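As structure tokens, the structure follows; a few thoughts come after it.
Not measured: the values here are computed from a predicted model.
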Amino acid sequence: FQSVAIPYRKSGSIILEKENDYWLYDNGVMSFKSSPSHGASLFSAVVNSEELFYSKYPNKGAYSWYKMFVGGISPYIAVPNVWEFHEFYGNIWTEPELITNNGWYGLHYKLDSPENDFRLGNLHTEITYFTRPESPLLWADLSITNKSGSSALIEGGISVFLNPINELMW
């Protein structure tokens with residue numbers, strides 16, 4: 001699909017539209033932009049014409065040798081004691097789907113790591129960005145499943161970069 005509007009009672013709707021290589025997700029109060037080719041990250045959140053995230057999308061950050069993408073909200077997986085984050089740039093996230101969970105609407109991505117990835121072999125990762133119509137709330141939910149049948153020591157999480165009041169702080 002290229003665009004969908006999901007009515008929510010009589011007070012609002014969630015709009016999901018494909019634009020260039022990213023998706024625009026609007027709940028009536030906040031609008032988000034997300035790209036499967038950029039680590040399934042949210043790289044923009046706008047409320048009252050004000051950008052909330054610090055992001056250099058589509059460019060890499062100054063420390064791309066260490067962490068490919070700096071900005072917005074993005075999932076990451078790291079192998080302990082290895083000075084590197086793995087943000088799935090060489091892999092392909094699914095195109096997002098719109099899902100619901102008790103009145104929350106979510107932009108949902110999935111990714112399966114290749115079995116031959118010596119660092120992360122055979123992980124199934126899902127990230128969902130939930131919000132409610134006409135709400136200033138955002139909930140990011142990350143799920144990582146080891147499908148290899150053997151133990152693996154990894155660290156995972158969600159990185160968040162908010163827009164600073166003074167960019168000189170960066």
Are [X] and [Y] joined in one hydrophobic group, where the rule is that I, L, V, M, F, W and Y side chains link up if heavy atoms are under 4.5 Å apart?
{"X": "Val46", "Y": "Leu107", "value": "no"}
{"X": "Leu162", "Y": "Ile158", "value": "yes"}
{"X": "Leu24", "Y": "Phe130", "value": "no"}
{"X": "Val160", "Y": "Leu142", "value": "yes"}
{"X": "Leu42", "Y": "Trp104", "value": "no"}

Margin query: Once you measure the plane-to-plane angle for Tyr129 and Tyr109, does it fall in the parallel (<30°), tilted (30-60°) or perpendicular (>60°) bin?
Written below: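 Perpendicular.
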Under a 3.5 Å distance rule, please check whether [X] uses its side chain to pair with a backbone N or O of [Y] as donor and acceptor.
{"X": "Ser34", "Y": "Ser41", "answer": "yes"}
{"X": "Thr94", "Y": "Lys110", "answer": "yes"}
{"X": "Asn48", "Y": "Glu50", "answer": "no"}

State the [atom1]-[atom2] distance between [X] and [Y], to the nearest 0.5 angstrom.
{"X": "Asn102", "Y": "Thr100", "atom1": "CG", "atom2": "OG1", "answer": "8.5 Å"}
{"X": "Asn101", "Y": "His108", "atom1": "CG", "atom2": "NE2", "answer": "11.0 Å"}
{"X": "Glu126", "Y": "Ile99", "atom1": "CD", "atom2": "CD1", "answer": "8.0 Å"}

Would you say that [X] contacts [Y] through its side chain, given a criterion of any heavy-atom pair below 4.5 Å between the two side chains?
{"X": "Asn27", "Y": "Ile15", "value": "no"}
{"X": "Tyr25", "Y": "Leu16", "value": "yes"}
{"X": "Thr131", "Y": "Trp139", "value": "no"}
{"X": "Leu123", "Y": "Asp112", "value": "no"}

Next item on the list: Return yes if a side-chain donor-acceptor contact under 3.5 Å exists between Thr145 and His124, otherwise no.
Entry: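 His124 and Thr145 do not have a side-chain donor-acceptor pair below 3.5 Å.
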Next item on the list: Kindly state whether the ring of Phe43 and the ring of Phe32 have centres lying under 6.0 angstrom apart.
Entry: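 Here the rings of Phe32 and Phe43 have centres that are no less than 6.0 Å from each other.
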Next item on the list: Apply salt bridge (Lys or Arg N to Asp or Glu O under 4.0 Å) to Glu51 and list each qualifying residue two or more places apart in sequence or on a separate chain.
Entry: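 Residues passing salt bridge (Lys or Arg N to Asp or Glu O under 4.0 Å) with Glu51: none at all.
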Next item on the list: Can you see which heavy atom on Thr128 is nearest to which on Gly106, and at what distance?
Entry: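 Result for this residue pair: CG2-CA, 3.8 Å.
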Next item on the list: Would you name the heavy atoms of Pro133 and Gly103 that are closest together and state the gap between them?
Entry: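 The answer is CD-O, 4.3 Å.
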Next item on the list: Output yes when Lys18 and Glu95 qualify as a salt bridge under the 4.0 Å nitrogen-oxygen rule, no when they do not.
Entry: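 Salt bridge: yes.
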Checklist line | Asp21 atom CG, over 12 foreign heavy atoms within 6.0 Å | finding: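 Yes, because the 6.0 Å sphere around CG of Asp21 holds more than 12 heavy atoms from other groups.
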